[in-house]
Protein chains: 2
Amino acid sequence: MLSTGKGSISLYMQIRDMLVSKVGKGEWLPGSIIPSEVNLAQELGVSQGTVRKAITELVESNVLTRRQGRGTFVSMHNIDRALFHFFHISDNKGHKVLPDSNVLQCRRKPATRIESSKLHLEAGTSVIRIERMRRISDKPTMVETITLPADLFADLVEGGGYELPNTLYELYEQRYGITIHSADEQLRAIAASKHDAKILNLEAGTPLLEIERVALTLDRTPVELRVSRCSTRNHHYHNTIF
Amino acid sequence: MLSTGKGSISLYMQIRDMLVSKVGKGEWLPGSIIPSEVNLAQELGVSQGTVRKAITELVESNVLTRRQGRGTFVSMHNIDRALFHFFHISDNKGHKVLPDSNVLQCRRKPATRIESSKLHLEAGTSVIRIERMRRISDKPTMVETITLPADLFADLVEGGGYELPNTLYELYEQRYGITIHSADEQLRAIAASKHDAKILNLEAGTPLLEIERVALTLDRTPVELRVSRCSTRNHHYHNTIF
DNA sequence: AAGTGGTCTAGACCACGTA
DNA sequence: ACGTGGTCTAGACCACTTG
């Protein structure tokens, strides 16, 4: 199982990759506990330190979460992760507030050229397109257009039998078994269209911050395209460079 | 020297903090080699593993750099770090090119309210204000206003005896002994002023991406305020969320 | 050949959470 | 009391770089 030859990669990396695949395949589900370090070490015939090093890397990349005295768990999407990890808008005092969400549209449509390119789909594949308006402290602040491959999110069209929650990544995980692990964002300044302007209650042409996010699973498959247009009168996008 | 009592923090953290302070105080200069893990372990009376863990954390936070077979070094600012770590503008194919830089002004002035607040200075303290235009692939793309506390960068005014280089952080480090370690950025969409428009060769009112960066030293003292206004017609700000 | 960091082991004890 | 992760040790061997 584990190769220990000369040209092979190190033990802990093999173990790390094996653990990743257990999570990736859904063998270990988000929120569940994984075997203890000692147990894994015994099963794999290596020392605890080696398993430990493998797990440490996965904790650093947010795949696993350690809780002292309790065990190691597969990371889950929750409101904290949404807020502190995937949401980068703060008010001008530096405070983060998760916006509420107001769905304007939710339709199944053929993918545009841009959508199919960003999501690695064949041209014209069916996608689900959600448009929503988000308020922060009761003020309309963002217009979002979210595009999902229809085959992965089959019943997520209007009348899917439930209301769309505010934090979508939790939904993707719990209902569709799709865990967002990372994302690439491109930011630009654009002028508000008439449509944007109407929804955000400002004048057409007002500069807006456009955030184009492609969200990826653990194996780096793109599964969501999200274009957010934000008024930056009272808010800004915050990034820390370490 | 190292406390090993009950309520005290762990050994490796004490060692890590001690190494940080050696770098912070300039006892170990950027680019220089630090003692080997075995030597440090002997001197401190701990095992190599403990020193190793301390160093590992500092490598992860970009304070130190390991080179197998050679040793461990204090991290330095170079063009790679500027480009891959501190510069987030890419063209729309995802390629990064470091812009060149054209200094328009460099003056010593009293700090504005915003400047003194962001740099934690007394109101009206002397600052050095640099304005420059930056081109990417020969196209004017950004206007930058850089503000530095005058006391830290005493002779950096026009006629300081040398041309301002393109990568300023290298200059700060080599000439003033100030190493930028991290930065906080706030991004907004704004309308180009007449001044911006003239420099960037576009129309006033065009949406621009404004990046307001506060750069910090290792001990989190703010030492540079940089406001960049970027045309996002051919470029964007890129961020990866892990 | 000597010195550096990189991997791995086997075992000890501590701090924390649960039952 | 027990099991978990967290720290620390002492020593082995490997991979890489330099003299």
Side-chain angles (χ1 to χ4, degrees), chain A residues 1-20 22-23 28 30-76, chain B residues 1-20 22-23 28 30-76:
Chain A
M1 189 143 192
L2 297 176
S3 67
T4 173
K6 223 187 163 183
S8 60
I9 65 170
S10 52
L11 265 180
Y12 82 89
M13 288 180 180
Q14 296 176 51
I15 294 172
R16 178 198 58 192
D17 293 347
M18 181 213 300
L19 301 183
V20 167
K22 294 242 189 204
V23 176
W28 290 345
S32 63
I33 192 170
I34 73 169
S36 73
E37 295 178 354
V38 228
N39 283 339
L40 283 170
Q42 279 176 347
E43 282 172 27
L44 299 170
V46 300
S47 83
Q48 184 187 351
T50 303
V51 171
R52 195 167 171 72
K53 185 155 184 182
I55 291 179
T56 298
E57 289 205 354
L58 297 180
V59 168
E60 282 166 358
S61 60
N62 284 307
V63 176
L64 300 177
T65 305
R66 284 200 177 107
R67 293 188 221 169
Q68 193 177 48
R70 300 184 56 191
T72 303
F73 301 77
V74 180
S75 299
M76 244 176 71
Chain B
M1 190 142 189
L2 297 177
S3 67
T4 174
K6 222 185 165 183
S8 61
I9 65 169
S10 51
L11 266 180
Y12 82 89
M13 289 181 180
Q14 296 176 50
I15 294 172
R16 178 198 59 192
D17 294 347
M18 182 214 300
L19 301 184
V20 166
K22 295 242 188 204
V23 175
W28 290 344
S32 64
I33 193 170
I34 74 169
S36 74
E37 296 178 353
V38 237
N39 283 339
L40 282 170
Q42 279 176 347
E43 281 174 28
L44 299 169
V46 301
S47 82
Q48 185 187 352
T50 303
V51 170
R52 195 166 170 72
K53 184 154 186 183
I55 290 179
T56 298
E57 290 206 352
L58 297 180
V59 168
E60 283 166 357
S61 61
N62 284 308
V63 176
L64 301 177
T65 305
R66 283 200 177 106
R67 294 186 221 169
Q68 194 177 46
R70 299 184 55 190
T72 303
F73 301 78
V74 180
S75 298
M76 244 177 70

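Every chain is numbered from 1 and lettered A, B, ... according to where its sequence line falls, protein lines coming before strand lines.
Per the geometry, CD1 belonging to B/I34 stands 11 Å off C1' belonging to C/dG5, to the nearest Å. Between the CZ atom of A/F73 and the C1' atom of D/dG3 there is a distance of 12 Å, rounded to whole Å. One can place CE of A/M13 at 8 Å from P of C/dC8, the figure rounded to the nearest angstrom. What separates CG of A/L64 from C1' of D/dT4 is a distance of 15 Å, to the nearest Å. Between the P atom of D/dT7 and the CD atom of A/Q48 lies a distance of 12 Å, rounded to the nearest Å. Atom CD in B/E57 sits about 11 Å away from atom P in D/dC8, given to the nearest Å. A straight line from CG of B/L40 to P of C/dG3 spans 16 Å, rounded to a whole angstrom. The CZ atom of B/R52 sits 15 Å away from the P atom of C/dT9 (whole-angstrom rounding).
The listed nucleotides are D/dG5, C/dG5, C/dT7; the one nearest the side chain of A/T72 is D/dG5. Listed nucleotides C/dT9, D/dG5, C/dT7 differ in distance to A/K53; the shortest reach to its side chain belongs to C/dT7. Each of C/dG5, D/dG6, D/dC8 was ranked by its minimum atom distance to the side chain of B/R66; first place goes to C/dG5. Residue A/S36 has its side chain nearest to D/dT4 when only D/dT4, C/dT4, C/dG6 are considered. Among the nucleotides C/dC8, D/dC8, C/dT7, the one closest to any side-chain atom of B/Y12 is D/dC8. You'll find that the side chain of B/V46 is closest to D/dT9, out of C/dT9, D/dG6, D/dT9. Checking C/dC8, D/dG5, D/dC8 against every side-chain atom of A/E37, the shortest atom distance belongs to D/dG5.
Here A/S47 does not reach the OP1 or OP2 of C/dG11: none of its side-chain N or O atoms lies under 4.0 Å away.
With hydrogens and angles disregarded, a donor-acceptor distance shorter than 3.5 Å links the side chain of A/Q14 to the backbone of A/I9.
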Fill in: Candidate pair A/S47 and A/R52, rule side-chain hydrogen bond (donor to acceptor under 3.5 Å, both in side chains), full reasoning
CA-CA 9 Å; A/S47 83; A/R52 195 167 171 72; over 6 Å; no
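Here the CD atom belonging to B/E43 is positioned 6.0 Å from the CG atom belonging to B/L40, to the nearest 0.5 angstrom.
Taking 4.5 Å as the limit, some side-chain heavy atom of B/I34 sits within range of a side-chain heavy atom of B/I55.
Paired with B/Q48 under the rule side chain to side chain donor-acceptor pair (under 3.5 Å), one option of B/E37, B/K53, B/Q42 passes, and it is B/E37.
Each of A/V51 and A/R70 was assigned the nucleotide of DNA chain C with the nearest heavy atom; the assignment lying further toward the 5' end belongs to A/V51. Summary of the strand contacts: A/Q68 and B/G69 both lie near DNA chain C, and taking for each the nucleotide with the nearest heavy atom, the more 5' one is attributed to B/G69.
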